[in-house]
Undergrad: 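So that we are looking at the same thing, I have put the structure below in C-alpha cells.
Residue numbers begin at 1 in each chain, while the letters A, B, ... track the order of the sequences. Side chains are part of it too, since the values below use all heavy atoms of this structure and drop only hydrogens, waters and symmetry mates.
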Amino acid sequence: MSFDGLWPYIYIAVAGWLATDIWRWLGVVAGNRVDENSALINWVRAVATALVAAVIAKMILFPTGALESSPVALRLAAVLFGAACFFLAGRRQIAGIAGAIAFLAAGLALTGP
Amino acid sequence: MRGISLTVHTAPEHLSRTDCFLLGMRGIFSLPSFILMLSFVGFAAFTAEAGIPVGQVIFMTGMVWALPAKVILVGSMLSGTHLAAAFLAVTLSSVRMMPMVASLVPEMRTRRTPTWLLLLLSHFIAITAWVFAMERIHAVPRAGRVAFFAGFGITLTTVNTALVGLAYGAVTTFPPLVSGCLFFLTPVYFLTSIWVSARHRVVHFALGAGLVLGGVFAAVAPEYDILLAGLLGGTLAWWGERTARAKGERQG
C-alpha cells in the first residue's frame with residue numbers, strides 16, 4: 001500500500017486502534033461485573049495468564065527477526081538455564097534474566113551467523 | 001531488583017491520590033519499563049528498516065500500544081492487506097486484552113470509580129503494564145489504585161511513543177547478536193515476572209499450561225494459537241487447581 005496522505009492513518013485507526021481497544025472496553029464491562037474473590041475471577045485470571053504464556057511460548061519457539069535463524073535448542077536451553085539461575089538465586093528476577101541472556105549471547109557467538 | 005521499593009511496609013496508610021499517581025509515574029524507572037523501552041527501540045529499528053514513515057509509527061505506538069498487535073499491523077500494511085482482513089488479524093491477536101483487563105479491574109476499582117475513567121485507562125493496558133500492575137497494585141491503598149495505574153500507564157505510553165520517534169532516526173541496524181538478545185529479553189522478563197507476582201497457585205498452573213499449549217497450537221493452528229492455548233490452557237489450569245484443592249481438603 002502507499003504510505004502517502006491520510007489513508008494510512010485511517011488504516012491504523014481502524015485495523016489497529018479500534019481492533020485492539022474494543023477488547024479492552026469489553027474487559028472493563030466484564031470486570032465491573034465480577035467479584036474479586038469469586039470462582040469466576042479465578043478462571044478469568046487463569047485464562048489471562050495462559051494467553052500471555054502462549055505469547056511467550058511463541059516468542060521463544062517461533063521468533064521473528066534476528067532470532068529466526070538461531071537453533072531452537074539454543075533458545076530452549078537458554079530459558080532452562082535462566083530458570084535454574086532464577087530458582088537457585090532464591091527467585092530473583094534479575095538472576096533469571098541475566099542467566100538466560102548470557103547463555104543466549106554465548107550460544108549465538110559460538111554458533112554465529 | 002524489584003524497581004520501586006513500595007511495599008505494604010513502606011507505603012504510608014494515608015497516601016493521597018496525587019501521591020499514588022506520582023508513585024505510579026516513578027514506575028518508569030523500573031526493570032519492566034526498562035525492558036519494554038529496549039523492545040520499542042527494536043520496534044523503531046524494525047519499522048525504519050521496513051520503510052514505514054515515522055509519523056505513522058509514532059501514531060500507531062500511541063493509538064494501538066500493544067506491541068504484538070502493532071507487529072501484525074505493520075505486517076498487514078507492508079503486504080497491502082485489505083482493511084477488513086487486517087482488522088480481523090489484529091483483533092484476533094488482541095482478544096487476550098479482555099481477560100487481562102477483566103482480571104485487573106476488580107483489583108483496582110472502588111465502588112465509586114466511574115466506568116468512563118476505567119474505559120479511558122484501559123487503553124494503557126498491555127502485557128507490561130498488566131504484569132506490573134498485577135505485581136504491585138495490591139500494595140497500594142485501594143482508594144489510590146486507579147491513580148497509581150494511571151500514573152504508570154500514561155507515563156509508560158507517553159515515554160515510549162516519544163522514544164520511538166527519537167530512536168527511529170538514530171538507530172542504525174544492530175549486529176544480529178545484539179538485536180537477538182534485545183528480542184529475547186521480553187519473553188524471559190515476562191516469565192520471571194508472572195512467576196514472582198503470582199498470588200494464587202492457579203497462576204502457576206496456567207503459566208505452565210499456556211506455555212505448553214502455546215507451543216503446540218503455534219505449530220498446529222498458528223492463526224488462532226494464542227486464543228486456543230489461552231482458553232483451553234486457562235480452563236485446564238483452573239479445573240486442575242480446583243480438583244487438587246478439593247482432594248487436599250478431603251485428605252486434610
Undergrad: Given a strict heavy-atom distance threshold of 4.5 Å, which part of Trp130(B) is in contact with chain A: side chain, backbone, both, or neither?
TA: side chain
Undergrad: Side chain, backbone, both or neither: which part of Phe86(A) has an atom under 4.5 Å from a heavy atom of chain B?
TA: side chain
Undergrad: Where do Val101(B) and Arg24(A) come nearest, in terms of heavy atoms and distance?
TA: CG1-O, 3.7 Å
Undergrad: Does atom CZ of Phe87(A) have more than 12 heavy-atom neighbours from other groups under 6.0 Å away?
TA: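 Counting neighbours around CZ of Phe87(A), more than 12 heavy atoms of other residues, nucleotides or ligands fall under 6.0 Å, so yes.
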Undergrad: Nearest heavy-atom pair of Ser122(B) and Trp25(A): which atoms, and what distance?
TA: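 In terms of heavy atoms, the two residues are closest at OG-CD1, 3.7 Å.
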Undergrad: Which bit of Leu119(B) is near chain A, if near means a heavy-atom gap under 4.5 Å: side chain, backbone, both or neither?
TA: both
Undergrad: Between Leu236(B) and chain A, which part of the residue has a heavy atom less than 4.5 Å away: side chain, backbone, both or neither?
TA: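 Neither part, no heavy atoms under 4.5 Å.
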Undergrad: Please flag which part of Arg109(B) lies under 4.5 Å from any non-hydrogen atom of chain A: side chain, backbone, both or neither.
TA: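 The side chain, not the backbone.
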Undergrad: Determine the option with the most heavy-atom pairs under 4.5 angstrom with chain A, choosing from Ile52(B), Val105(B), Thr115(B), Leu83(B).
TA: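 Ranked by heavy-atom pairs under 4.5 Å with chain A, first place is Leu83(B).
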Undergrad: Are any non-hydrogen side-chain atoms of Val90(B) and Thr20(A) less than 4.5 angstrom apart?
TA: yes
Undergrad: Between Thr47(B) (side chain only) and Ala44(B) (backbone N and O only), is there a donor and an acceptor less than 3.5 Å apart?
TA: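 A pair under 3.5 Å: yes.
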Undergrad: What part of His82(B) gets closer than 4.5 Å to chain A, counting heavy atoms only: side chain, backbone, both or neither?
TA: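 Just its backbone gets close to chain A.
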Undergrad: Keeping Arg142(B) on the side-chain end and Thr110(B) on the backbone end, is there a donor-acceptor pair under 3.5 Å?
TA: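 No.
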Undergrad: Which bit of Ile41(A) is near chain B, if near means a heavy-atom gap under 4.5 Å: side chain, backbone, both or neither?
TA: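 When you check distances to chain B, only side chain atoms of Ile41(A) fall under 4.5 Å.
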Undergrad: What residue, out of Val95(B), Leu118(B), Ile127(B), has the most heavy-atom pairs lying under 4.5 Å from chain A?
TA: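 Highest number of pairs under 4.5 Å: Val95(B).
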Undergrad: For the residue pair Ser2(A) and Pro8(A), what are the closest heavy atoms and their distance?
TA: O-CG, 3.7 Å
Undergrad: With a 4.5 angstrom heavy-atom cut-off, which part of Ala109(A) approaches chain B: side chain, backbone, both or neither?
TA: both
Undergrad: Non-hydrogen atoms of chain A under 4.5 Å away: do they reach the side chain of His123(B), the backbone, both or neither?
TA: both
Undergrad: Using a 4.5 angstrom heavy-atom cutoff, name the option from Gly208(B), Ala86(B), Ala198(B), Ala237(B) with the most pairs to chain A.
TA: Ala86(B)
Undergrad: Only distances under 3.5 Å count here; give the side-chain donor-acceptor pairs of residues 60-75 of chain B to other protein atoms, sequence neighbours excluded, each with its distance to 0.1 Å.
TA:
from: Thr61(B); atom 1: OG1; to: Val57(B); atom 2: O; distance (Å): 2.8
from: Trp65(B); atom 1: NE1; to: Phe124(B); atom 2: O; distance (Å): 3.2
from: Lys70(B); atom 1: NZ; to: Trp65(B); atom 2: O; distance (Å): 2.7

Undergrad: Using non-hydrogen atoms and a 4.5 Å limit, figure out which bit of Asn42(A) sits close to chain B: side chain, backbone, both or neither.
TA: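 Asn42(A) touches chain B through backbone and side-chain heavy atoms alike.
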Undergrad: Which one of Ile101(A), Val28(A), Leu26(A) has the most heavy-atom pairs closer than 4.5 Å to chain B?
TA: Val28(A)
Undergrad: Counting heavy-atom pairs under 4.5 Å to chain B, which of Arg91(A), Lys58(A), Arg33(A) comes out on top?
TA: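 The option with the most such pairs is Lys58(A).
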Undergrad: Heavy-atom distance under 4.5 Å to chain B: side chain of Phe103(A), backbone, both or neither?
TA: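 Contact with chain B: none, neither part.
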Undergrad: Under a 4.5 Å cutoff for heavy-atom pairs, which residue among Gly80(B), Ser94(B), Ser76(B), Gly214(B) has the most contacts with chain A?
TA: Ser94(B)
Undergrad: Which of residues 47-55 of chain A get closer than 4.5 angstrom to chain B, counting heavy atoms alone?
TA: Val47(A), Ala48(A), Thr49(A), Ala50(A), Leu51(A), Val52(A), Ala53(A), Ala54(A), Val55(A)
Undergrad: Could you look at Leu177(B) and say if it's the side chain, the backbone, both or neither that has a heavy atom under 4.5 Å from chain A?
TA: both
Undergrad: If every non-hydrogen atom of His138(B) is compared with every non-hydrogen atom of Arg145(B), which pair is closest and at what distance?
TA: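 Shortest heavy-atom contact: O-NH2, 3.4 Å.
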Undergrad: Of the non-hydrogen atoms in Ala102(B) and Val34(A), which two are nearest, and what is the gap between them?
TA: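 What the structure gives for the nearest pair is O-CG2, 4.3 Å.
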Undergrad: Checking heavy atoms, do the side chain of Ala89(B), its backbone, both or neither come under 4.5 Å from chain A?
TA: neither
Undergrad: Give the member of Pro106(B), Ala85(B), Ser79(B) that has the highest number of heavy-atom pairs under 4.5 Å with chain A.
TA: Pro106(B)
Undergrad: Could you look at Tyr9(A) and say if it's the side chain, the backbone, both or neither that has a heavy atom under 4.5 Å from chain B?
TA: both
Undergrad: Would you say Trp23(A)'s side chain and Thr91(B)'s backbone share a donor-acceptor pair under 3.5 angstrom?
TA: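 Yes; judged by distance alone, with no hydrogens or angles, the pair exists.
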Undergrad: Does any N or O in the side chain of Gln56(B) come within less than 3.5 Å of the main-chain N or O of Phe3(A), such that one atom is a donor and the other an acceptor?
TA: yes
Undergrad: What are the two closest heavy atoms between Phe132(B) and Pro32(B), and how far apart are they?
TA: CD1-CG, 3.8 Å
Undergrad: State, with a plain yes or no, whether a side-chain heavy atom of Leu228(B) is found less than 4.5 Å away from one of Leu213(B).
TA: no
Undergrad: Name the option with the most non-hydrogen atom pairs under 4.5 Å to chain A; the candidates are Gly51(B), Gly233(B), Gly55(B).
TA: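 Ranked by heavy-atom pairs under 4.5 Å with chain A, first place is Gly55(B).
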Undergrad: Cut-off 3.5 Å, no hydrogens considered: what does the side-chain donor-acceptor table look like for residues 184-193 of chain B, sequence neighbours left out?
TA:
from: Thr186(B); atom 1: OG1; to: Ser39(B); atom 2: OG; distance (Å): 2.8
from: Tyr189(B); atom 1: OH; to: Ser193(B); atom 2: OG; distance (Å): 3.4
from: Thr192(B); atom 1: OG1; to: Gln93(A); atom 2: NE2; distance (Å): 3.3
from: Thr192(B); atom 1: OG1; to: Val188(B); atom 2: O; distance (Å): 3.3
from: Thr192(B); atom 1: OG1; to: Tyr189(B); atom 2: O; distance (Å): 3.0
from: Ser193(B); atom 1: OG; to: Gln93(A); atom 2: NE2; distance (Å): 2.8
from: Ser193(B); atom 1: OG; to: Tyr189(B); atom 2: O; distance (Å): 3.0

Undergrad: Show the atom names and distances, to 0.1 Å, of all donor-acceptor pairs under 3.5 Å that link a side chain in residues 72-83 of chain A to residues at least two apart or in another chain.
TA:
from: Arg75(A); atom 1: NE; to: Ser70(A); atom 2: OG; distance (Å): 2.9
from: Arg75(A); atom 1: NH1; to: Ile60(A); atom 2: O; distance (Å): 2.7
from: Arg75(A); atom 1: NH1; to: Leu61(A); atom 2: O; distance (Å): 3.1
from: Arg75(A); atom 1: NH2; to: Ser70(A); atom 2: O; distance (Å): 2.6

Undergrad: When the ring centroid of Trp17(A) is compared with that of Phe59(B), is the distance short of 6.0 Å?
TA: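 Trp17(A) vs Phe59(B): aromatic centres not under 6.0 Å.
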